[in-house]
**Student:** 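After the structure tokens below, expect a handful of questions from me.
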Number of protein chains: 2
Amino acid sequence: MFAIERIRIIKNYLLEKNKVSVNELSKMLDVSEVTIRRDLEKLEEEGMLIRTHGGAVLKKQTNPSNSNNMKTKSTDSTSPYSDLYEEIADIAIHIIENGDVIMLANGIINYHIAKKLDQKKNVTVLTNDLLVSIEASSSSSNKAVLLGGDVDYETKATFGALTAMDIQKFYVNKVFIEVDGIDVDTGISVSTIDKANLINSILPNSKEKIILCLGSNFNKTAFYNISRLDIAEKIVTNSNIDNSYKEYLSQLGIQLYTSINAVERGNI
Amino acid sequence: MFAIERIRIIKNYLLEKNKVSVNELSKMLDVSEVTIRRDLEKLEEEGMLIRTHGGAVLKKQTNPSNSNNMKTKSTDSTSPYSDLYEEIADIAIHIIENGDVIMLANGIINYHIAKKLDQKKNVTVLTNDLLVSIEASSSSSNKAVLLGGDVDYETKATFGALTAMDIQKFYVNKVFIEVDGIDVDTGISVSTIDKANLINSILPNSKEKIILCLGSNFNKTAFYNISRLDIAEKIVTNSNIDNSYKEYLSQLGIQLYTSINAVERGNI
DNA sequence: TTTATATGTTTGCTATAGAACGAATTCGTA
DNA sequence: TACGAATTCGTTCTATAGCAAACATATAAA
């Protein structure tokens, strides 16, 4: 037996018994007591034990107060926008009806929608967002179907060729899409190509398209353009937007849902 | 014999025995001790083993001295079996080589393997386990592909028709399967039909099948039978199993890797 | 050819582990 | 409390095995 093995064994034994005797170890490991003493000496240097006459006892670790961590979920619900996301989700949840088959593309607002889904029954959720799928499946009356694909650690969502293929297999009543930009001229846009591809894949396979967008993202254009605005049936946002937009959207036949809290908060 | 062959043999030998001596290997492989030392040096750099005077022992990520505190993730690592799961994962991780394309079926052991994957490079992980996919994608040098399907809230994994279809699109080097029962007569079995179906789907599409099984699940048969034992190339478990099994497995040409915590079990 | 890689041999040097023995300690008993 | 026996300890010494480094050889690649 190698020294390192012997020491490993002594460590384990000590952790179990909290104390060891030289004699006992010597017999157990079939080496001389001198050797055991030398081993214990090493372990004492490591700070693992305190030697005593005839053996050693386990040293109590001074715990470096690490009890603070243990964050639960990775979505930054501490983000400054968290409330706004939830406001939008609060509106959007009412658009969903029992028995609906919906797609929730990956994103924070859709995560909040998924958390509220236990209010509904017999809803089938198609999503590429891992956290959305977990929330949506938490209620036994609903069902979540996750799209396969390459996992993006940052967004906790699947993308890529497999995702696009999987999407083709489904047809949904409603798709909820979070966008990073809405603009009269450029339409709707998102900031990553993966998300753009995903949305483009699902659009043809959905009856009703519902755009979710922070009020602050109106009049903005993100890097990847998806389509013109008029593909959408509904837009949900958190703040009142100016009248020109309202008119424009109503001309296109798009329903605009706005969080009523917007005014109270006094935000623009 | 090429160096690369020799090193592969040493690896396997080490995984089986948990320790090797320079002298022993030198005789066994008919090369000088210097050569063996140089090989061990390489393997130590790879993080596979720890060299010691006279040989080397298999490296364990789970240091017994700090096994107490700092539990991180939501899977019940507080479960009494947690350490055993991790022991098995500690062995299994050494079976994975850089550049491998592997399947990790859903389960706790595979979750532990996924957490250790940051030691490896360019590994592609196919999985139906959401948590596994997140862990496996956390390192930028690796890649995770999640199988689509119906999400099961309890196991945080995907199952069903879509999962089976998605699996057909891939072929992997190695598949790691956690089973709930191993028996000489009945072969390998699991406790849910979903998992049984999943495993049956991937088996034809994998070159090497590696079974992960708690020692306590030997001689047991879970509800859903999967196949005979001889489809597996390797079995990894956490405790010594009796000699009749060892003989039987070696007759079938199955390599048995065992993690032994010698003292705990009192056998030296 | 040169160059690089893999392996073996030789040569001190070092690590390991046991023996010996005086010093320190524990402990039972007076 | 005191004292002696028994145990345990630390130190030194020794034999053995294992080690790294330098050098040598062979084989393959450029």
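Just so we're clear, the structure is a prediction, and the values are computed from it rather than from any experiment. Here is the naming used below: chain letters follow the sequence lines, and residue numbers restart at 1 for every chain.
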**Student:** Would you call B:Asp100 and B:Lys174 a salt bridge, taking side-chain N to carboxylate O under 4.0 Å as the test?
**Tutor:**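 So B:Asp100 pairs with B:Lys174 through a salt bridge.
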
**Student:** What are the two closest heavy atoms between B:Ile50 and A:Ile4, and how far apart are they?
**Tutor:**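 That would be CG2-CD1, 3.6 Å.
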
**Student:** Inspect the contact between B:Glu33 and B:Arg37 and indicate whether a charged nitrogen and a carboxylate oxygen are less than 4.0 angstrom apart.
**Tutor:**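 The answer is yes: the pair qualifies as a salt bridge.
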
**Student:** What integer distance in Å separates A:Glu41:CD from D:dT8:P?
**Tutor:**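 Distance check: A:Glu41 CD to D:dT8 P gives 17 Å.
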
**Student:** If only atom types and distance count, is the side chain of B:Asn110 paired as donor or acceptor with the main-chain N or O of B:Ala105 below 3.5 Å?
**Tutor:**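 Judged by distance alone, yes, a pair lies under 3.5 Å.
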
**Student:** Base, sugar-phosphate, or nothing: which does A:Thr52 touch, judged by heavy atoms less than 4.0 Å apart?
**Tutor:**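 Sugar-phosphate only.
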
**Student:** Take atom CD1 of B:Ile4 and atom P of C:dT5, then tell me their distance rounded to the nearest Å.
**Tutor:**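 Interatomic distance, CD1 of B:Ile4 to P of C:dT5: 15 Å.
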
**Student:** CD of B:Glu33 versus P of D:dA21: gap in Å, rounded?
**Tutor:**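 It works out to 17 Å between those atoms.
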
**Student:** Tell whether B:Arg51 reaches the base of D:dG18 with its side chain through a donor-acceptor pair below 3.5 angstrom.
**Tutor:**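 Side chain to base: no pair present.
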
**Student:** Where the side chain of B:Ala3 is concerned, which of C:dT7, D:dC9, C:dG18 is the nearest nucleotide?
**Tutor:**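 That would be C:dT7.
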
**Student:** Once you round it to whole Å, what is the distance between P of C:dA6 and CE of B:Met1?
**Tutor:**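 Checked: the CE to P distance equals 16 Å.
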
**Student:** Checking only heavy atoms, does the side chain of B:Arg37 share a donor-acceptor pair with the base of D:dA20 at less than 3.5 Å?
**Tutor:**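 Check fails, no donor-acceptor contact within cut-off.
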
**Student:** Please state how far atom CG in B:Leu25 lies from atom C1' in C:dT7, giving the value in whole angstrom units.
**Tutor:**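 The distance from CG of B:Leu25 to C1' of C:dT7 comes to 16 Å, rounded to the nearest Å.
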
**Student:** Between C:dT7, D:dC9, D:dC19, which nucleotide has the shortest distance from any of its atoms to the side chain of B:Thr35?
**Tutor:**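 Given the options C:dT7, D:dC9, D:dC19, the side chain of B:Thr35 is closest to C:dT7.
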
**Student:** Distance check needed: C:dT16 P versus A:Lys42 NZ, whole Å only.
**Tutor:**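 Taking NZ of A:Lys42 and P of C:dT16, I get 5 Å after rounding.
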
**Student:** How many Å lie between NE2 on A:His53 and P on C:dC27, as a whole number?
**Tutor:**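 Value for this atom pair: 8 Å.
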
**Student:** In whole Å, what is the span from the CG atom of A:Asn23 to the P atom of D:dT7?
**Tutor:**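 About 10 Å, once rounded to whole Å.
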
**Student:** Under 6.0 Å from the ring centre and within 45 degrees of the ring axis: does the NZ or CZ of B:Lys19 meet both conditions for the six-membered ring of A:Phe2?
**Tutor:**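 Cation-pi check for B:Lys19 and A:Phe2: passes.
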
**Student:** For D:dG10, does the base pair up with any side-chain atom of A:Arg38 as donor and acceptor (N or O, under 3.5 Å, distance only)?
**Tutor:**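 Side chain to base: no pair present.
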
**Student:** Of the listed nucleotides (C:dA20, C:dG8, C:dT7), which one gets closest to any side-chain atom of B:Arg6?
**Tutor:**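 The closest nucleotide is C:dT7.
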
